[in-house]
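Positions are given from 1, in the same order as the sequence printed here.
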Amino acid sequence: MTRFDTVRVAAIQATPVILDADASVDKAIALLGNAADAGVQLAVFPETFVSLYPSNSWAKQAAGFAGFDELWERMWDSSLDVPGPLVDRLADACRRHQIHCAIGVNERESERPGSLYNTLLLIGPDGLLSKHRKLMPTHHERLFHGVGAGDDLQVADTPIGRIGGLICWENRMPMARYAVYQHGPQIWVAPTADDEDGWVASMRHIAIESGAFVVSVPQYIPRSAFPDDFPVPLPDVEEFNRGGALIAEPSDGELLAGPLYGEEGMVVADCDLRAGLHAKRFFDAVGHYGREDVLATPSLVPAAVDADDGS
């Protein structure tokens, strides 16, 4: 039975320990403890927090064939297997703190060395609950990440509510959103690298459209986060991602917390899940506003015109 409790959620805007998966997981575990001490029941981390996002400001150079082998190898070394020992450590922390965690990672397949995947994990006190691979890496990301299969667009029914979501610009994909909406999310998680003002508008819209509370966590990446031996040149900027963590509610997209810019930090809100049920009395994207009977894709394709019928 779906529950309508009040759930304390947190968007944890943290900087990874770049190219160090173990240290990034250590940091996530410490932050989960801090969140649990604050009464948080669901903590959401940024996209590819473990342990590097290929930022457009430097990653586009990889479009050339030469010069990125060392970075690629170190990205592989600092990625994780799912399931695997680093996931087990995160699950153990969730069990000890009785907390749920959504976290972005670079996923590898050690039994088949090759492509990496931009993956969102949902972990709870009982272990790994779901894994979603990003459907379509954006532009320069395609130089590093494979495409997701799309068979994992789901919602996890947990003791704190029905949790679903998408990664970064997947949230711009109407059909992907609708696929998840069909499973009735009450809390929508959106780890991202987008720190633009327009992203805030998108998150407010999705809260209204989905009838779910939205927890969005961009990255905050200062230049000082990069190790001295980072193997590719960086542009002369002091901040690669400025953050913007926020939590939005479903009735009119009001921001309950954030956006937080220019620093690491945690924004927290108490989410009464009844608000999503109330919002769907007016607008239910899959229910009375779904109208798949007339809006299904085949009906949008114009009928072929017979060249001999005189029309």
Side-chain angles (χ1 to χ4, degrees), residues 1-12 28 31-32 35-46 90-91 93-104 120-132 152-167 170-171 176-192 203-217 245-258 266-287:
M1 176 66 69
T2 300
R3 298 174 55 171
F4 298 95
D5 299 331
T6 295
V7 181
R8 178 164 288 189
V9 303
I12 299 183
L31 291 168
L32 284 172
D37 289 343
V40 170
Q41 297 161 279
L42 170 65
V44 184
F45 288 84
L90 289 166
C94 289
R95 179 188 56 77
R96 284 187 285 108
H97 295 296
Q98 289 297 294
I99 194 171
H100 287 74
C101 166
I103 187 168
L120 170 61
L121 305 179
L122 179 64
I123 304 168
D126 294 327
L128 180 65
L129 301 176
S130 66
K131 177 184 86 169
H132 166 61
D152 52 16
L153 294 172
Q154 59 184 303
V155 165
D157 192 1
T158 78
I160 61 171
R162 301 176 64 81
I163 303 171
L166 294 170
I167 304 166
E170 286 185 316
N171 286 275
R177 295 199 307 271
Y178 193 78
V180 181
Y181 293 168
Q182 289 177 311
H183 299 284
Q186 295 171 289
I187 302 172
W188 185 274
V189 298
T192 185
M203 295 300 97
R204 295 185 65 188
H205 167 78
I206 288 174
I208 296 169
E209 183 180 68
S210 67
F213 288 87
V214 171
V215 189
S216 172
V217 198
L246 62 86
I247 300 166
E249 59 80 41
S251 61
D252 59 7
E254 178 186 355
L255 296 183
L256 302 180
M266 180 173 72
V267 299
V268 178
D270 292 320
C271 302
D272 182 351
L273 300 185
R274 293 177 302 171
L277 180 63
H278 297 169
K280 287 184 177 181
R281 180 165 71 93
F282 301 102
F283 179 84
D284 183 351
V286 176

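The minimum heavy-atom distance linking F283 with E209 is given by the pair CE2-O, 3.6 Å. The nearest pair of heavy atoms linking A35 to I99 is CB-CD1, 4.1 Å. A38 approaches R8 most closely through the heavy-atom pair O-NH1, 2.8 Å. For the pair A279 and S251, the tightest heavy-atom approach, listed with the atom from each and the gap, is CB-CA, 4.2 Å. The two atoms that bring M203 and A190 nearest to each other are SD-CB, 3.7 Å, heavy atoms only. Between A10 and V215, the shortest heavy-atom distance links the atoms O-CG1, 3.9 Å.
D5 contributes no side-chain N or O that, together with a main-chain N or O of V7, makes up a donor-acceptor pair within less than 3.5 Å.
Contact of the D152 side chain with the K131 side chain is not registered, since no non-hydrogen atoms from C-beta on lie closer than 4.5 Å. In this structure, L166 and L153 have side chains that are in contact, with non-hydrogen atoms separated by less than 4.5 Å. Counting heavy atoms from C-beta on, the side chains of Q186 and T2 come closer than 4.5 Å. By the 4.5 Å heavy-atom criterion applied to side chains, C101 and F45 are counted as neighbours. The shortest side-chain heavy-atom distance between L32 and R96 does not fall under the 4.5 Å cut-off.
Taking the ring-ring contact (aromatic ring centres under 6.0 Å, His included) definition, one finds that F213 meets it with nothing, sequence neighbours left out.
Rounded to the nearest 0.5 angstrom, R204 CZ and E249 CD are separated by 9.0 Å. Rounded to the nearest 0.5 Å, atoms NE2 (H132) and CG (L122) are 12.5 Å apart. To the nearest 0.5 Å, the span separating OG on S216 from CD1 on I206 amounts to 8.5 Å. Here the CG-CD distance, from L120 to E170, works out to 8.5 Å after rounding to the nearest 0.5 Å. Taken from CD1 in I247 to CG in L255, the straight-line distance is 10.0 Å, to the nearest 0.5 Å.
Screening V9, I163, V189, I12 against V44 for a side-chain contact (heavy atoms from CB on, under 4.5 Å) leaves a single residue, V189. Of the residues listed (I187, I160, D126), the one engaging H100 in a side-chain contact (heavy atoms from CB on, under 4.5 Å) is I160, and it is the only one.
For CZ of R3, the number of neighbouring non-hydrogen atoms (other residues, nucleotides, ligands) closer than 6.0 Å is 12 at most.
Every pair passing salt bridge (Lys or Arg N to Asp or Glu O under 4.0 Å) that includes a residue from residues 155-167 is listed here, sequence neighbours excluded: D157-R162.
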